[in-house]
Amino acid sequence: MISHYTTRKIKSDCPKSAPKFALILKVLSVIYKMVQDNTYATKRDIYYSDTLLFGRQSVVDNIVNDISCMLKISRRSLHIVSTTKGCIAGNLSYTEEDGTKVNCTCTATAVFVPSNVQGIRNAKFILIVEKDATFQRLLDDDFCNKLCPCIMITGKGVPDLNTRLLVRKLWDTCHIPIFTLMDADPHGIEIMCIYKYGSVSMSFEAHHLTVPAIRWLGLLPSDIERLNIPKDALIPLTKQDQNKLSSMQKRPYVACQPLWKKEMEIMAASRMKAEIQALTSLSSDYLSRVYLPNKLHFGGWI
C-alpha cells in the first residue's frame with residue numbers, strides 16, 4: 001500500500017460527482033441495515049437490489065472497495081461476503097458461524113470453502129493446489145491419508161476471497177507449514193504470489209489475506225530438466241507469458257526471494273512451461289506416489 005492512499009476526494013456539490021456520492025451513501029445505507037440486522041449479502045446481492053440505480057456490477061464492486069479502504073476494515077466487517085468457489089479436504093473439522101459442524105476428512109469429494117469458521121483441528125501441513133483437476137486427482141489417490149494427515153485447498157485458479165481468508169485463518173490457528181502446488185508457468189506463479197503477497201485490487205486488505213510463510217513446493221521450472229520430463233509434454237511460452245514473466249521479475253518482493261528469481265530465470269531462458277499434468281508422462285500416479293512424497297520428505301521447496 002502507498003502511504004496515505006486511503007483517501008479519495010468526491011464532491012457532493014458537483015454535477016459530475018454527485019451521482020457517485022449518492023451511490024456511496026446508498027451502499028452505506030445497505031451496509032448499515034445489514035449490520036443492524038446482523039445479516040450478510042454478496043456484492044451481487046447489493047447490485048440486484050437496484051440494478052437500474054447501479055447500472056453495472058462493477059459500480060457496486062468499486063464502491064464496496066472504496067468504503068472498505070476508507071474505513072480501513074475488511075469487507076466481512078461490512079457484512080459483505082463473497083460467493084465461494086474453492087474446495088477443502090483433509091484432516092480438518094470446523095464449526096460454521098451458524099453452529100453447523102463440518103468434517104473434511106478426506107474422501108472422494110471435497111467441501112466448499114466456508115465463509116467463516118470457528119474451531120479447527122490440526123494437521124501436519126497444508127497443500128494449496130492451483131487446479132481443481134489436480135486437487136480431485138490427489139483426492140482419488142487418497143493423498144491426504146497415505147502420506148500423513150494434511151489439509152488440501154484449491155481456489156480453482158485465481159483464489160476467491162473466502163479461500164484466501166481460510167488459508168490465513170488456518171495459518172494463524174494451526175501454525176503448520178503451507179506449501180503450494182502450481183503449474184510451472186507465469187500464471188501459476190502469479191496465483192502463488194496472490195496467496196503469499198496479495199493482489200493489487202485487494203492491497204488494502206493484504207494484512208489479513210496473505211500468508212508470507214507460504215513455500216513453493218512445485219512444479220518448479222528446475223524440476224522439468226531434473227526429472228527429464230519429455231519435451232512433448234512441455235508448452236512454449238507465448239508472448240503474453242513472456243511479458244507477464246518479465247513484469248513479475250521486476251516486482252520488489254521477487255528481489256527478496258533469490259531462489260524464486262532463479263526459477264523464473266530458468267523459465268525465461270528455456271522459454272518453456274509445464275502443467276502439473278506433465279508429470280503423468282513419467283507415470284500415471286507419479287505426482288502422489290513419487291513427486292510429492294519426495295519433495296516433502298527431502299525438503300524440496302523454496
Side-chain angles (χ1 to χ4, degrees), residues 81-183 188 191-192 194-196 209-211 213-219 275-277 279-280 284-297 300-301:
V81 295
S82 298
T83 304
T84 293
K85 70 168 183 174
C87 290
I88 185 169
N91 188 39
L92 172 71
S93 61
Y94 61 84
T95 305
E96 291 185 341
E97 203 168 32
D98 61 3
T100 304
K101 295 185 182 300
V102 179
N103 189 345
C104 301
T105 303
C106 210
T107 60
T109 58
V111 177
F112 279 111
V113 166
S115 60
N116 193 35
V117 296
Q118 299 301 326
I120 296 177
R121 186 176 67 201
N122 283 350
K124 297 295 184 183
F125 64 90
I126 297 167
L127 180 65
I128 300 173
V129 183
E130 177 186 350
K131 291 180 176 178
D132 185 47
T134 305
F135 180 85
Q136 293 296 331
R137 178 57 193 264
L138 290 173
L139 277 182
D140 293 341
D141 291 345
D142 197 22
F143 175 76
C144 293
N145 295 319
K146 280 184 177 178
L147 186 63
C148 65
C150 69
I151 297 168
M152 287 199 312
I153 299 173
T154 180
K156 298 180 180 179
V158 178
D160 61 303
L161 182 63
N162 288 341
T163 303
R164 294 173 62 189
L165 279 170
L166 181 62
V167 172
R168 176 58 189 250
K169 175 79 172 181
L170 289 171
W171 184 58
D172 287 338
T173 306
C174 303
H175 305 291
I176 55 177
I178 301 181
F179 304 108
T180 57
L181 179 62
M182 306 284 162
D183 287 339
I191 291 172
M192 179 171 54
I194 291 175
Y195 283 106
K196 187 177 178 73
L209 284 176
T210 56
V211 181
I214 280 177
R215 296 291 179 261
W216 188 2
L217 185 68
L219 180 67
E275 297 183 341
I276 300 168
Q277 286 79 2
L279 293 174
T280 59
S284 59
D285 60 349
Y286 189 85
L287 175 64
S288 60
R289 182 178 58 86
V290 180
Y291 184 79
L292 288 177
N294 284 345
K295 281 271 186 172
L296 292 164
H297 182 73
W301 56 81

Does a side-chain heavy-atom distance below 4.5 Å link [X] with [Y]?
X: M182; Y: Y195; value: yes
X: L139; Y: F135; value: yes
X: R137; Y: S284; value: yes
X: M152; Y: I88; value: no
X: I126; Y: P177; value: no
X: L181; Y: L292; value: yes

Please check: side-chain N/O of [X] versus main-chain N/O of [Y], any donor-acceptor pairing under 3.5 Å?
X: T180; Y: R215; value: yes
X: K295; Y: G300; value: yes
X: K196; Y: V211; value: no
X: T173; Y: L170; value: no

Determine the minimum heavy-atom distance between V158 and I191, stating which atoms define it. N-CD1, 3.8 Å
Nearest atoms (heavy-atom pairs only) where P159 meets I194: CG-CG2, 4.0 Å
Passes side-chain contact (heavy atoms from CB on, under 4.5 Å), F125 versus F179? Steps please. CA-CA 8 Å; F125 64 90; F179 304 108; 4.0 Å; yes
Residues L287, T280; criterion side-chain contact (heavy atoms from CB on, under 4.5 Å); working and verdict: CA-CA 7 Å; L287 175 64; T280 59; over 6 Å; no
Could you tell me if S288 and D285 have a donor-acceptor pair between their side chains, going purely by distance under 3.5 Å?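 There is no such pair between these side chains.
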For the atom pair CD1 (I276) and OG1 (T134), what is the distance rounded to the nearest 0.5 Å?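 Going from CD1 on I276 over to OG1 on T134, the span is 4.0 Å.
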Results of salt bridge (charged side-chain N to carboxylate O under 4.0 Å, His left out) for D172 - residues two or more places apart only: R168
Partners meeting salt bridge (charged side-chain N to carboxylate O under 4.0 Å, His left out) with K131 (sequence neighbours left out):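 Testing K131 for salt bridge (charged side-chain N to carboxylate O under 4.0 Å, His left out), a comparison that skips the adjacent residues, returns D183, E275.
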Name the one of I151, I178, L217, I153 that satisfies side-chain contact (heavy atoms from CB on, under 4.5 Å) with L127?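 Among the candidates, only L217 passes.
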Would you check, one step at a time, whether the test side-chain contact (heavy atoms from CB on, under 4.5 Å) holds for T154 with E130? CA-CA 6 Å; T154 180; E130 177 186 350; over 6 Å; no
